[in-house]
Amino acid sequence: MQDPNNFTNFANRSSSKWRRFPEEVLPMHVAEMDFDVAKPIRDRLSQMVANSDLGYQGPFPEIGPAFGGFALNRWGWKVEPGGIKLASDVAAAAVEILKAVTTPGEKVLINSPVYTAFFGWLKEAECEPVDAPLQLDGDTWKLDLAAIREQFENGVKVYLLCSPQNPVGRIHSAQELTEIALMAQEFDVLVISDEIHAPLSWGPFTPYLSLGQHAIETGVTITSSSKGWNTAGLKAGFLITQSDQVRNKLSRLPDAMQWRSSILGAHAMVAAYESGTPWLDETVIILQENLEHLRHEVATRLPRAKMFQMEATYLAWIDLEAYRISDLAKTILSEAKVSVIAGPDHSPQDDFKGFIRFNFASSKPRITEAVRRISELCEG
Ligand SMILES: Cc1ncc(COP(=O)(O)O)c(C=O)c1O
């Protein structure tokens with residue numbers, strides 16, 4: 001399939017990753033992979049283009065069995081297919097849900113460091129983030145259940161959970177998620193579980209809604225195949241509810257959501273879930289190899305940097321605090337010509353000034369070169 005060590009086969013890509021910065025900059029920022037898209041997806045798209053099958057996205061019964069089959073095989077999760085509703089992407093699903101269940105100025109719980117767009121989604125829905133930051137336990141970032149409980153006690157009614165967590169690559173344990181579901185039920189909180197990175201897990205991932213009645217009655221999952229199979233530009237995602245309690249809470253969701261998703265994206269999701277598992281398995285192995293490679297390069301070239309336990313995603317959270325570089329990500333971009341995401345962008349309080357998020361879904365030579373450039377800046 002993909003040739004992850006090929007340095008030069010990216011010239012024909014026109015996505016934001018390749019256009020945002022001049023060619024001299026190594027793009028290790030946005031969450032796209034430098035790998036070829038899986039053949040079953042490419043074939044399905046080619047067929048649709050050949051058939052001029054490019055109209056509006058209509059009723060789509062295929063998504064339930066396709067995702068249901070994948071979820072059952074991968075995670076042992078039995079999904080009731082009637083609870084799936086398409087959206088144009090995960091961001092759109094999140095914003096529509098937030099708008100449907102909150103009033104302007106309402107507080108929504110997040111756990112920093114978290115995917116930077118969460119803050120944009122909250123702003124768009126006129127909500128305020130309230131933070132229960134992850135806690136570092138040894139070299140593992142974990143949810144702070146006591147802090148989460150405190151926010152529920154304070155009256156927060158909506159929790160935007162990132163599972164697995166971008167950027168730290170942590171899979172929240174079944175035990176932690178069960179505890180959250182119990183607390184959510186106790187305090188009548190809606191948990192919006194963003195599980196877009198779940199297919200890219202090498203540890204045991206637990207879908208929130210697979211955890212039984214407490215979770216089913218408190219949770220809505222938002223996801224897509226677009227992250228796992230690298231098709232963000234196709235614009236399709238979906239939300240999953242499995243109970244009338246949650247569906248009632250979401251009754252203000254606009255019907256038009258379904259029709260705003262792309263027909264190409266919708267069919268690509270079905271191709272991914274039905275026929276994309278061999279490609280995904282191969283990709284998850286490459287990501288683990290790349291992570292080992294990155295750890296080795298960082299340990300060798302940036303001995304004062306810290307990396308953490310990861311079980312999912314291709315987004316490494318790297319602590320460069322010891323190098324005391326001001327405006328870290330900007331300086332890395334301007335001096336080292338590597339684009340990374342700045343630590344403080346992952347926090348409502350601008351914490352994590354010494355951290356960067358580094359995308360390692362690339363070729364090993366590209367990873368080496370990026371680390372070499374950063375080390376030249378940091379180590380001199
Ligand atoms: C946690 C998380 N949620 C959502 C998205 C974006 O999803 P979409 O492109 O479907 O809006 C990303 C993209 O990186 C992400 O990391």
Side-chain angles (χ1 to χ4, degrees), residues 15-17 20 27-35 37 41 57 63 67 84-99 108-125 129 134 141 143 159-172 191-201 205 207-208 220-240 257-258 260-262 264-266 268-269 272-273 283 287 310-317 339-342 345-347 357-362:
S15 62
S16 153
K17 178 169 188 175
R20 177 146 178 219
M28 318 306 276
H29 58 288
V30 69
E32 291 176 30
M33 299 192 268
D34 294 353
F35 310 148
V37 168
I41 300 177
Q57 171 56 40
I63 188 67
F67 180 71
I84 294 185
K85 194 175 167 93
L86 291 189
S88 49
D89 55 22
V90 169
V95 172
E96 292 295 357
I97 293 169
L98 289 167
K99 282 184 181 168
V108 172
L109 183 65
I110 54 99
N111 311 108
S112 71
V114 78
Y115 176 44
T116 57
F118 272 24
F119 304 107
W121 301 351
L122 294 179
K123 198 166 168 201
E124 210 178 317
L134 299 182
W141 292 92
L143 292 168
Y159 177 16
L160 185 53
L161 173 71
C162 196
S163 176
Q165 184 99 10
N166 164 9
V168 296
R170 158 101 166 124
I171 296 179
H172 308 303
V191 178
I192 306 169
S193 185
D194 180 342
E195 301 183 2
I196 195 171
H197 284 276
L200 298 171
S201 298
F205 171 74
Y208 184 78
V220 50
T221 294
I222 50 178
T223 194
S224 171
S225 64
S226 64
K227 197 61 51 191
W229 285 268
N230 207 29
T231 56
L234 289 175
K235 291 291 155 199
F238 55 102
L239 61 89
I240 312 168
M257 253 177 92
Q258 161 97 11
R260 290 179 185 145
S261 62
S262 140
L264 290 173
M269 291 199 293
Y273 293 131
T283 298
L287 293 180
M310 288 185 69
E311 305 138 316
T313 83
Y314 48 79
L315 305 165
W317 188 235
S339 65
V340 293
I341 312 261
D345 292 356
H346 299 80
S347 152
R357 190 192 82 168
F358 182 101
N359 176 343
F360 57 83
S362 188

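Just so you know, ligand 1 is whichever comes first in the structure, and atom 1 is the first atom listed for that ligand.
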Next on the checklist: Can a donor-acceptor pair be found, under 3.5 Å and without considering hydrogens, that links the side chain of Gln57 to the backbone of Ser88?
Outcome noted: no
Heavy atoms, side chains only, cut-off 4.5 Å: are [X] and [Y] in contact?
X      : Y      : value
Asn111 : Trp141 : no
Val30  : Arg20  : no
Ile240 : Ile84  : yes

Taking both backbone and side-chain atoms of [X], is any N or O found less than 3.5 Å from an N or O belonging to ligand 1?
X      : answer
Ile196 : no
Asn166 : yes
Asp194 : yes

Can you sort out which atoms of ligand 1 are near [X], meaning under 4.0 Å from one of its heavy atoms?
X      : answer
Asp89  : 8 (P), 10 (O), 11 (O)
Ala31  : 14 (O)
Cys162 : 1 (C)
Trp121 : 3 (N), 4 (C)
Ala91  : 11 (O)

Next on the checklist: For Tyr115 and Phe118, take the angle between the two ring planes, folded into 0 to 90°, and tell me which bin it lands in: parallel under 30, tilted 30 to 60, perpendicular over 60.
Outcome noted: perpendicular
Checklist entry - For atom 10 (O) of ligand 1, what's the nearest protein heavy atom and its distance? => result Val90 N, 2.8 Å
Checklist outcome for this item: If you scan protein heavy atoms around atom 6 (C) of ligand 1, the nearest is Tyr115 OH, 3.5 Å
Checklist entry - Are Lys17 and Asp34 within salt-bridge range, i.e. N to O under 4.0 Å? => result yes
Checklist entry - What is the minimum heavy-atom distance between Met257 and Leu239, and which atoms define it? => result CE-CD2, 3.6 Å
Next on the checklist: For a quick test of reading the model, state the closest non-hydrogen atom pair linking Met33 to Gly228 and the distance between them.
Outcome noted: CE-O, 3.3 Å
Checklist outcome for this item: Closest to atom 13 (C) of ligand 1 (heavy atoms only, candidates Arg357, His197, Glu32, Lys227) is Lys227
